[in-house]
Undergrad: 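Have a look at the structure that comes next, please.
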Amino acid sequence: MTETAKKTGFAFLFPVILMILVNVAYNIVAKLTPADVNAVASVFLTYTTCCIASFIFFFTTAKDKNYGRAIKKCNWSAPAMGLSLVLMELAILLQYRAGWDVSIACLVLYVILAVCLLAIGAIFYKERVTISRIIGCGICFGGLALVMMC
């Protein structure tokens with residue numbers, strides 16, 4: 001399969017569409033989480049739900065339904081990602097409780113995140129940093145400055 005073929009079609013776009021839809025719902029729900037709810041308790045309930053849903057998804061999608069064998073194939077990255085996700089959830093709840101507007105909270109996060117990952121990609125994964133990507137980051141920061149003025 002050519003590089004172009006990999007980056008087109010439904011299989012390429014579906015994860016992006018899914019992420020957008022789910023992320024919109026996620027941020028609305030996070031913003032609506034009552035301020036008097038313990039943030040860590042809320043994250044715990046969130047991940048209890050995630051565990052149950054993941055377990056169900058495993059058995060509905062896996063060809064090999066042996067959960068123990070599947071878990072044994074995992075390495076350190078799964079628990080590291082889990083810890084990262086818990087801290088991300090906590091950060092989002094704290095961000096909204098600190099008064100961030102739902103309309104710009106993730107914009108600020110994702111623009112800064114994108115620039116950080118551009119640098120990490122270039123340094124550690126030898127990904128290309130082109131002039132257009134650098135200009136794009138500059139435009140994003142300019143837009144971020146404009147959004148933050150209000």
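Just so it is clear, the values below take in all heavy atoms, side chains as well, and ignore hydrogens, waters and symmetry mates.
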Undergrad: May I have all residue pairs that pass ring pair (Phe, Tyr, Trp, His ring centres under 6.0 Å) and include part of residues 118-150, sequence neighbours excluded?
TA: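 Not a single pair qualifies under ring pair (Phe, Tyr, Trp, His ring centres under 6.0 Å).
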
Undergrad: What residue pairs, at least two apart or across chains, pass ring pair (Phe, Tyr, Trp, His ring centres under 6.0 Å) with a residue in residues 9-33?
TA: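 The answer is F10-F14.
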
Undergrad: Please identify each residue that fulfils side-chain contact (heavy atoms from CB on, under 4.5 Å) with C137, with sequence neighbours left out.
TA: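 For C137 the side-chain contact (heavy atoms from CB on, under 4.5 Å) partners, ignoring immediate neighbours, are V115, L118.
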
Undergrad: Determine which pairs satisfy ring pair (Phe, Tyr, Trp, His ring centres under 6.0 Å) with at least one residue from residues 64-91, sequence neighbours left out, and list them in order.
TA: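 Residue pairs passing ring pair (Phe, Tyr, Trp, His ring centres under 6.0 Å), neighbours aside: F55-Y67, F58-Y67.
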
Undergrad: Quick test of your reading: applying side-chain hydrogen bond (donor to acceptor under 3.5 Å, both in side chains), list the pairs with at least one residue in residues 104-122, sequence neighbours left out, ordered by first then second residue.
TA: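 Counting only pairs at least two positions apart or across chains, the side-chain hydrogen bond (donor to acceptor under 3.5 Å, both in side chains) contacts touching residues 104-122 are N23-Y110.
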
Undergrad: Suppose the criterion is side-chain hydrogen bond (donor to acceptor under 3.5 Å, both in side chains): which pairs have a residue in residues 135-150, not counting sequence neighbours?
TA: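 Matches after skipping sequence neighbours: none remain.
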
Undergrad: Closest heavy-atom contact between C74 and A78?
TA: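 Nearest heavy atoms, C74 then A78: CB-CB, 4.4 Å.
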
Undergrad: Considering only residues two or more places apart or on different chains, which pairs with a residue in residues 88-102 satisfy salt bridge (charged side-chain N to carboxylate O under 4.0 Å, His left out)?
TA: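 Pairs touching residues 88-102 that pass the test: none.
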
Undergrad: side-chain contact (heavy atoms from CB on, under 4.5 Å) with I28: which residues, sequence neighbours excluded?
TA: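 Counting only residues at least two positions away or on another chain, I28 forms a side-chain contact (heavy atoms from CB on, under 4.5 Å) with V24, L32.
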
Undergrad: Can you list every pair that meets salt bridge (charged side-chain N to carboxylate O under 4.0 Å, His left out) and has a residue in residues 50-66, with sequence neighbours left out?
TA: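 Every pair satisfying salt bridge (charged side-chain N to carboxylate O under 4.0 Å, His left out) with a residue in residues 50-66: D64-R69.
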
Undergrad: Would a single hydrophobic cluster contain both Y47 and L45, if residues Ile, Leu, Val, Met, Phe, Trp and Tyr are joined by side-chain heavy-atom contacts under 4.5 Å?
TA: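 Result: no, two separate clusters.
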
Undergrad: So which heavy atom on G68 is nearest to which on N66, and how close?
TA: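 Closest heavy-atom pair between G68 and N66: N-OD1, 3.2 Å.
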
Undergrad: Which heavy-atom pair separates V129 from A122 by the least distance, and what is that distance?
TA: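 Looking at all heavy atoms of both residues, the shortest contact is CG2-CB, 3.2 Å.
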
Undergrad: Please report the shortest heavy-atom distance between M148 and I104, naming the atom on each side.
TA: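 Heavy atoms of M148 and I104 come nearest at SD-CD1, 3.9 Å.
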
Undergrad: Please report the closest heavy-atom contact between A39 and L93, naming both atoms and the distance.
TA: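 The pair with the smallest heavy-atom distance is O-CD1, 3.8 Å.
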
Undergrad: Between V86 and M81, is there a shared hydrophobic cluster once you connect ILVMFWY residues whose side-chain heavy atoms come closer than 4.5 Å?
TA: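 Both belong to a single hydrophobic cluster.
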
Undergrad: Pick one: which of V111, L117, L109 meets side chain to side chain contact (heavy atoms under 4.5 Å, CB included) with L113?
TA: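 Among V111, L117, L109, the one meeting side chain to side chain contact (heavy atoms under 4.5 Å, CB included) with L113 is L117.
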
Undergrad: In the hydrophobic clustering (ILVMFWY, side-chain contacts below 4.5 Å, transitive), which residues join I56, or is it alone?
TA: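 I52, which link up through side-chain heavy atoms under 4.5 Å apart, make up the rest of the cluster.
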
Undergrad: Please examine the side chains of Y96 and V102, heavy atoms only from C-beta on, and report whether any two atoms are closer than 4.5 Å.
TA: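 The answer is yes, as the side chains (C-beta and beyond) meet within the 4.5 Å cut-off.
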
Undergrad: Decide yes or no on side chain to side chain contact (heavy atoms under 4.5 Å, CB included) for F44 and V40, but give the supporting numbers first.
TA: CA-CA 6 Å; F44 179 80; V40 176; 5.5 Å; no

Undergrad: Which distance, rounded to the nearest 0.5 Å, do you find between the CZ of R133 and the SG of C140?
TA: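 Between R133 CZ and C140 SG, I get 13.0 Å after rounding to 0.5 Å.
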
Undergrad: Can you confirm whether more than 12 heavy atoms, excluding those of I131, are under 6.0 Å from its CD1 atom?
TA: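 No, because the 6.0 Å sphere around CD1 of I131 holds 12 heavy atoms or fewer from other groups.
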
Undergrad: Please name the pair of heavy atoms, one in V37 and one in S42, separated by the smallest distance, quoted to 0.1 Å.
TA: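 Here V37 and S42 meet closest at CG1-CB, 4.0 Å.
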
Undergrad: Under the rule for side-chain contact (heavy atoms from CB on, under 4.5 Å), what residues qualify as partners of L87, not counting sequence neighbours?
TA: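 Only L83 meet the side-chain contact (heavy atoms from CB on, under 4.5 Å) criterion with L87.
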
Undergrad: CG of L90 to OG1 of T46: how many Å apart, nearest 0.5 Å?
TA: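 Between L90 CG and T46 OG1, I get 10.5 Å after rounding to 0.5 Å.
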
Undergrad: Under the side-chain contact (heavy atoms from CB on, under 4.5 Å) test, which residues partner S54, sequence neighbours left out?
TA: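 Here no residue qualifies.
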
Undergrad: Starting at CG of L107, measure out to CD1 of I112 and round the result to the nearest 0.5 Å.
TA: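 It is 9.5 Å, given to the nearest 0.5 Å.
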
Undergrad: Look at atom CZ of F57 and say whether more than 12 heavy atoms of other residues, nucleotides or ligands are closer to it than 6.0 Å.
TA: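 Not buried by this count: 12 neighbours or fewer within 6.0 Å.
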
Undergrad: What distance do N27 atom CG and W100 atom CH2 have between them, rounded to the nearest 0.5 Å?
TA: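 Rounded to the nearest 0.5 Å, the CG-CH2 separation comes to 12.5 Å.
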
